[in-house]
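Right, one structure below, let's go through it.
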Amino acid sequence: MSEHLEREDRECAYRERRALIGRGAAVWTRTAGTGPQRVLPDGCTDLIWSEAGPGGELLVAGPDTRARLAPGPPGTRAVGLRFAPGQGPAVLGVPAHELRDQLVPLAALWPGAEVRRLAERIADAERIADAERIADAERIADVERTAEAERTAARQAAQGRVLEDAALGRLRTAEPPDPVLAAVVAGVSRGTGVAGIAAAVGLGERQLHRRSLAAFGYGPKTLGRVLRLNRALDLARTGVPFAAVAATAGYADQAHLAREVRTLTGVPLGRLLQGSGG
């Protein structure tokens, strides 16, 4: 899975791991640095716990059509559960297109009591993690800076597990995944056109478009552009020449790759890679 946050300063700490809910979902943690952190479109929705406010806040980031800058001053910590393309609506309870290019409070989507309980569980997880780390620090007399970094990591890990538990609880009562969605993702990833995907899944093109809007936040053509961008960036970060990246990822040529990167991310490919250290 590609890294969906491009850091334009070296002080931003970002990590991710595979989530328990499967299908390519991931839990990520971020501590903001001094420069802008560019969040790239990836066809996904995220459930986020942000410490930007006085007491923290639960947020939902919808599927983006263009890159956006992550909010929060330097040092702001956030933990997120990024759902795989098409997975978010089953947990969040709303069609993905209603969240497109938006960052909204979870309280706008879920009952207030449920959101408060989740926030309380996150606070409890923080306290337990802090208590465990304090006990460890007393036993091993660790260096203060290292102990603080470990305490932050433990808190974020605990917060991520709470988000996963909340999502798993909702998925248990949700309808089974629409089998068409996996076929759409596979089709656009192969470069199959909309008509070909629609025929393969037995739907008309308009029906396919409506199902895609609800699941991914946009139609299959835009989803294909976004997933192709992330494939190209994965290749480019490993040092593959841009011309070879374009050919492998399915662009007409290197100029086509350059136009798409600038359109979807707002910056040239070279600058994007310099910012991420890739």
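For the numbers below, each heavy atom of this structure counts, side chains included, while hydrogens, waters and symmetry mates do not.
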- Task: List the atom of Gly219, the atom of Leu213, and the distance in Å for their closest heavy-atom pair.
- Result: N-CD2, 3.8 Å
- Note on the structure: Contacts of Ala96 meeting side chain to side chain contact (heavy atoms under 4.5 Å, CB included) (sequence neighbours excluded), chain-then-number -> Pro63, Pro89
- Let me see the working for Leu81 and Asp46 under side chain to side chain contact (heavy atoms under 4.5 Å, CB included), right down to the final yes or no. CA-CA 5 Å; Leu81 172 58; Asp46 295 66; over 6 Å; no
- Message: I'd like to know if the side chain of Glu120 and the backbone of Arg117 have a donor-acceptor N/O pair within less than 3.5 Å.
- Response: no
- Just do the side chain to side chain contact (heavy atoms under 4.5 Å, CB included) check on Thr31 and Gln156 with the steps written out, would you? CA-CA 10 Å; Thr31 301; Gln156 291 181 320; 3.9 Å; yes
- Message: Looking at Arg100 and Gly217, would you say the former's side chain and the latter's main chain have a donor-acceptor pair under 3.5 Å?
- Response: yes
- Query: Is Leu272 close to Leu40 at the side-chain level, that is, under 4.5 Å between some pair of heavy atoms?
  - Reply: yes
- Item | Atom pair CG/CG of Leu264 and Asp42 - distance to nearest 0.5 Å | 11.5 Å
- Mind listing the closest non-hydrogen atom pair of Ala61 and Arg68 along with its distance? CB-NH2, 3.4 Å
- Message: If we ignore hydrogens and angles and just use 3.5 Å, is the side chain of Arg66 paired with the main-chain N or O of Thr263 as donor and acceptor?
- Response: yes
- Query: With a 4.0 Å cut-off, would you call Arg17 and Glu164 a salt bridge?
  - Reply: yes
- Query: What closest approach, in Å, do Ala167 and Ile21 show between heavy atoms, and which atom pair accounts for it?
  - Reply: CB-CG2, 4.3 Å
- Any chance you could measure Gln207, atom CD, to Ser212, atom OG, to the nearest 0.5 Å? 11.5 Å
- Query: Any idea which heavy atoms bring Val261 and Pro268 closest together, and the distance?
  - Reply: CG1-C, 4.2 Å
- Message: Is it true that, when you exclude Arg23 itself, more than 12 heavy atoms of the residues, nucleotides or ligands shown sit nearer than 6.0 Å to its CZ?
- Response: yes
- Task: Treat each ILVMFWY residue as a node, draw an edge where side-chain heavy atoms are under 4.5 Å apart, and state whether Val104 and Phe216 are in one component.
- Result: no
- Note on the structure: Here the pair of heavy atoms bringing Leu229 nearest to Pro41 is CD2-CG, 4.2 Å
- Minimum side-chain heavy-atom gap Arg161-Arg121 below 4.5 Å: no
- Honestly curious: do Leu208 and Val226 fall in one hydrophobic cluster under the side-chain, below-4.5 Å linking rule? yes
- Task: State which residues pass side-chain hydrogen bond (donor to acceptor under 3.5 Å, both in side chains) with Thr65; sequence neighbours excluded, sorted by chain then number.
- Result: Asp101
- Determine, stepwise, if the pair Val267 / Arg38 fulfils side chain to side chain contact (heavy atoms under 4.5 Å, CB included). CA-CA 10 Å; Val267 294; Arg38 192 176 300 273; 3.5 Å; yes
- Message: Could you check whether any side-chain N or O of Thr248 sits under 3.5 Å from a backbone N or O of Ala244, counting only pairs where one atom can act as donor and the other as acceptor?
- Response: yes
- Message: If we ignore hydrogens and angles and just use 3.5 Å, is the side chain of Glu114 paired with the main-chain N or O of Pro111 as donor and acceptor?
- Response: no
- Item | Nearest-0.5 Å distance, CG of residue Leu106 to CD1 of residue Ile48 | 10.5 Å
- Counting distance only, does the side-chain N/O of Thr238 pair as donor-acceptor with the main-chain N or O of Leu235 below 3.5 Å? yes
- Taking it one step at a time, do Leu269 and Phe242 satisfy side chain to side chain contact (heavy atoms under 4.5 Å, CB included)? CA-CA 9 Å; Leu269 179 56; Phe242 291 173; 3.7 Å; yes
- Message: Just verifying a value: how many Å separate Arg231 CZ and Tyr251 OH, rounded to the nearest 0.5 Å?
- Response: 7.5 Å
- Verify, without hydrogens or angle tests, whether Asp253 (side chain) and His256 (backbone) share a donor-acceptor contact under 3.5 angstrom. yes
- Do the side chains of Val94 and Val60 get nearer than 4.5 Å, heavy atoms only? no
- Query: Side chains of Glu260 and Arg228: does their closest heavy-atom pair fall under 4.5 Å?
  - Reply: yes
- Find out if a path of hydrophobic residues (ILVMFWY) with successive side-chain heavy-atom gaps under 4.5 Å connects Leu171 to Leu99. yes
- Query: Rounded to the nearest 0.5 Å, how far apart are CG of Leu69 and CD of Gln37?
  - Reply: 8.5 Å
- Heavy-atom closest contact (Val245 atom, Ala232 atom, distance): CG1-O, 3.5 Å
- Rounded distance [0.5 Å steps], CH2 in Trp28 versus CZ in Arg82: 8.5 Å
- Message: Please tell me whether Trp110 and Leu59 are part of a single hydrophobic cluster in this structure, the criterion being side-chain heavy atoms less than 4.5 Å apart.
- Response: no
Under 3.5 Å, sequence neighbours excluded: what are the donor-acceptor pairs made by side chains of residues 172-197?
unit_1, atom_1, unit_2, atom_2, d
Thr173, OG1, Arg170, O, 3.2
Asp178, OD1, Val180, N, 3.0
Asp178, OD1, Arg211, NH2, 3.3
Asp178, OD2, Arg211, NE, 3.0
Asp178, OD2, Arg211, NH2, 3.1
Ser189, OG, Val185, O, 2.7
Thr192, OG1, Gly187, O, 3.4

- Message: Do Val162 and Leu109 sit in one hydrophobic cluster, given that two such residues count as connected whenever their side-chain heavy atoms are within less than 4.5 Å of each other, even indirectly?
- Response: yes
